[in-house]
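All ligand and atom numbering here is 1-based and tracks the order in the structure.
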Amino acid sequence: MKLIVTGGAGFIGSNFVHHVVAHTDHQITVLDKLTYAGNAASLEDLPEDRVRLVVGDIGDADLIDDLFRRHDAVVHYAAESHNDNSLADPRPFLDTNIVGTYTLLEAARRHDIRFHHVSTDEVYGDLELDDPDRFTESTPYNPSSPYSSTKAGSDLLVRAWIRSFGVRATISNCSNNYGPYQHVEKFIPRQITNVLRGIRPKLYGAGLNVRDWIHADDHSSAVLTILGTGVIGETYLIGADGERSNKDVVELILELSGLPTDAYDHVVDRAGHDLRYAIDSTKLRTELGWRPAYRDFREGLAATIEWYRAHEPWWSPAKDATEAFYAAQGQ
Ligand code: NAD
Ligand code: DAU
């Protein structure tokens, strides 16, 4: 299969490209604008005869038309992905997440190309800490932030293009990913690289918010499974039963780094901060037989800390600007 991976130089997209190269014979064209979040170095060690990088915007209809003509399927990861940025400047989120997705869908319709849309559990809003329920495919949409509302909008566009125009698409909504190649703006890499630089980790508010962690390689295997055997028109939730409070995660990073577990600071909370996400991935497991491979968060986190320790040249160019952005808002 000839695959286009939009956003393939970002965190989860690059993990997916590594996964596809290791587990299939597919040819991959990465389409990525290389925004501040994209990094060509994340694809450096991959075989040139399998993976090609095209630097471009998913909103460029002529470029998309040309690429879609020559491929069998697209896996759409490209997005503005960070909630804190969406609170500071929402506009790029509308342009890429909504208009960009619309541009891809129109081309998918013209070329009848298989489309997989990668989305987030944040479209469902948040849960109470003691809510026994988790998100399922039938949970109503209720996004909180500019980021999650644009992702919800993009999901709804995909659903409409399936029903109105017969686009051969599937959708997945995944929980929080961790692993290599994640930008230092995000929670886990920010705290790991803070520790590596001798800076105290920063916890928003009381740190009681819960995220449902999954290793990026498990997200990749799930997307590849859906691309292969998912039913057109269906939505699949992806999660690995990894609920943890932010405070627990910071304390574990400190412990694994050989530091006192209280050596962190509480900082200004995020506006509209979602309390808890939790995924019920029964449909994906029972209907498509998918299972996560990373079952031990402590082990996966230790390996991730080791990856950042060994790859300082990959992350350090972005660290100072990222910390300056946070410092300006008391975070
Ligand atoms: P990221 O910010 O690390 O990567 C996004 C990539 O998209 C970057 O390489 C960037 O250069 C590229 N991009 C941005 N705008 C573009 C445009 N207009 N045209 C072409 N390329 C563009 O994001 P991520 O964390 O890897 O997330 C990838 C996808 O997965 C997003 O759709 C996100 O909503 C979804 N998702 C993320 C998580 C998570 O935990 N990070 C969880 C569930 C779903
Ligand atoms: O749930 C899936 C989503 O997970 C994806 O759709 C998003 O693209 C991805 O960024 C992520 O969103 P979050 O907002 O949950 O991730 P983030 O890494 O920004 O923050 C995780 C939690 O940690 C959140 O409760 C806020 C908190 N946090 C974050 C930072 C950067 C802190 O306490 N301190 C920090 O320094």
Do His219 and Phe16 have ring centres separated by under 6.0 Å?
no
Would you find a donor on one side and an acceptor on the other, under 3.5 Å apart, between the side chain of Ser245 and the backbone of Asp248?
yes
Atom 32 (O) of ligand 1 [closest protein heavy-atom partner, distance rounded to 0.1 Å]
Lys151 NZ, 2.7 Å
Numbering the atoms of ligand 2 from 1, which are under 4.0 Å from a heavy atom of Thr120?
1 (O), 2 (C), 3 (C), 5 (C), 6 (O)
What do you reckon, does Gly59 put a non-hydrogen atom under 4.0 Å from ligand 1?
no
Would you tell me whether Lys319 and Thr193 have side-chain atoms, one donor and one acceptor, within less than 3.5 Å of each other?
yes
Evaluate side chain to side chain donor-acceptor pair (under 3.5 Å) for His117 paired with Ser154, printing each intermediate quantity in order.
CA-CA 9 Å; His117 179 63; Ser154 69; 3.1 Å; yes
If you measure from each heavy atom of Gly56 to ligand 1, is any distance below 4.0 Å?
yes
Geometric N/O contact Glu185 with ligand 2, under 3.5 angstrom
no
Selected option - heavy-atom contact closest to atom 24 (C) of ligand 2, from His273, Gln331, Arg276
His273
In terms of side-chain geometry, is the basic nitrogen of Asp241 or Arg285 positioned less than 4.0 Å from the acidic oxygen of its partner?
yes
Considering only heavy atoms, does Glu122 approach ligand 2 within less than 4.0 Å through its side chain, its backbone, both, or neither?
side chain
Could you find the nearest protein heavy atom to atom 11 (C) of ligand 2 and give me its residue, atom name and distance?
Asn176 ND2, 3.4 Å
Suppose we measure from atom 15 (N) of ligand 1 to each protein heavy atom; which comes out shortest, and what is that distance?
Thr96 CG2, 3.5 Å
Can you report which non-hydrogen protein atom sits closest to atom 37 (C) of ligand 1, along with the distance?
Ile12 CD1, 3.3 Å
Within 4.0 Å of some non-hydrogen atom of Tyr277, the atoms of ligand 2 are 1 (O), 15 (O)
So if I count the atoms of ligand 2 from 1 in the order they appear, which ones are less than 4.0 Å from some heavy atom of His82?
19 (O)
Any idea which protein heavy atom is nearest atom 35 (C) of ligand 1, and the distance to it?
Val118 CG1, 4.1 Å
What atoms of ligand 2 come closer than 4.0 angstrom to any heavy atom of Asp121?
1 (O), 2 (C)
salt_bridge(Arg276, Glu243) N-O dist < 4.0 Å
yes
How far is atom 19 (N) of ligand 1 from its nearest protein heavy atom, and which residue and atom is that?
Ile58 N, 3.0 Å
Nearest-0.5 Å distance that lies between atom CD1 in Ile58 and atom CD1 in Ile4:
12.0 Å
Do me a favour and list the nearest non-hydrogen protein atom to atom 36 (O) of ligand 2 with residue, atom name and distance?
Arg190 NH1, 2.8 Å
Answer with side chain, backbone, both or neither: which part of Leu34 has a heavy atom less than 4.0 angstrom from an atom of ligand 1?
backbone
Identify, for atom 8 (O) of ligand 2, the protein heavy atom at the shortest distance, and state residue, atom and that distance.
Ser81 O, 2.8 Å
Suppose we measure from atom 34 (N) of ligand 2 to each protein heavy atom; which comes out shortest, and what is that distance?
Lys202 O, 2.9 Å
Any nitrogen or oxygen of Ser175 lying under 3.5 Å from a nitrogen or oxygen in ligand 2? Just yes or no.
no
Among all protein heavy atoms, pick the one closest to atom 44 (C) of ligand 1 and tell me residue, atom and distance.
Ser119 O, 3.1 Å
Protein contact of atom 4 (O) of ligand 1 - nearest heavy atom, named by residue and atom, plus distance
Gly10 CA, 3.4 Å
When clusters are formed by joining ILVMFWY residues with side-chain heavy atoms under 4.5 Å apart, either directly or through shared neighbours, do Tyr308 and Val250 land in the same one?
yes
Criterion salt bridge (charged side-chain N to carboxylate O under 4.0 Å, His left out) on Asp65 and Arg69, from CA distance to verdict
CA-CA 6 Å; Asp65 223 37; Arg69 191 174 296 125; 3.6 Å; yes
Cationic N near anionic O, under 4.0 Å, Arg200 to Asp265
yes
For atom 22 (C) of ligand 2, which of Asn246, Val210, Asp274, Asp212 has the closest heavy atom?
Asn246
Quick check: Cys174 and ligand 2, any N/O pair under 3.5 Å apart?
no
Quick check: Phe297 with Tyr178 (ring centres under 6.0 Å apart)?
yes
Given the side-chain rings of Trp161 and Phe115, with only the six-membered ring counted for Trp, is the space between their centroids under 6.0 Å?
no
Taking distance alone, with N or O pairs closer than 3.5 Å, would you say Gln191 contacts ligand 2?
yes
Among all protein non-hydrogen atoms, which one is nearest to atom 20 (O) of ligand 2, and what is the separation to 0.1 Å?
Phe187 CB, 3.7 Å
Run Asp320 and Arg197 through salt bridge (charged side-chain N to carboxylate O under 4.0 Å, His left out) and show every step you take.
CA-CA 11 Å; Asp320 289 344; Arg197 284 231 170 142; 2.9 Å; yes
Is the Tyr181-His183 ring centre distance short of 6.0 angstrom?
no
Are any of the N or O atoms of Tyr326 closer than 3.5 Å to those of ligand 2?
no
Residue, atom and distance of the protein heavy atom nearest atom 19 (O) of ligand 2 read Arg270 NH2, 2.8 Å
May I ask you to decide if Pro143's main-chain N or O and Ser148's side chain share a donor-acceptor pair within less than 3.5 Å?
no
Taking 4.0 angstrom as the limit and counting only heavy atoms of Leu203, give me the atoms of ligand 2 inside it, by number and element.
33 (O)
Between Glu323 and Lys202, is there a side-chain N and carboxylate O pair less than 4.0 Å apart?
no
Starting from atom 5 (C) of ligand 1, locate the nearest protein heavy atom and write down its residue, its atom name and how far away it is, to 0.1 Å.
Ala79 O, 3.5 Å
Give the atom numbers and elements of ligand 2 that come within less than 4.0 Å of a heavy atom of Arg211.
15 (O), 24 (C), 25 (O)
Going by atom types alone, do Ser175 and Trp213 pair a side-chain donor with an acceptor below 3.5 Å?
no
Report the nearest protein non-hydrogen atom to atom 29 (C) of ligand 2: residue, atom name, distance rounded to 0.1 Å.
Tyr204 CE1, 3.6 Å
Under 4.0 Å from a heavy atom of Asp57: give me the atoms of ligand 1 that qualify, with their elements.
17 (C), 18 (N), 19 (N)
Hey, is Tyr147 one of the residues with a heavy atom under 4.0 angstrom from ligand 1?
yes
Identify the protein heavy atom lying closest to atom 5 (C) of ligand 2, giving its residue, its atom name and the separation to 0.1 Å.
Tyr147 OH, 3.6 Å
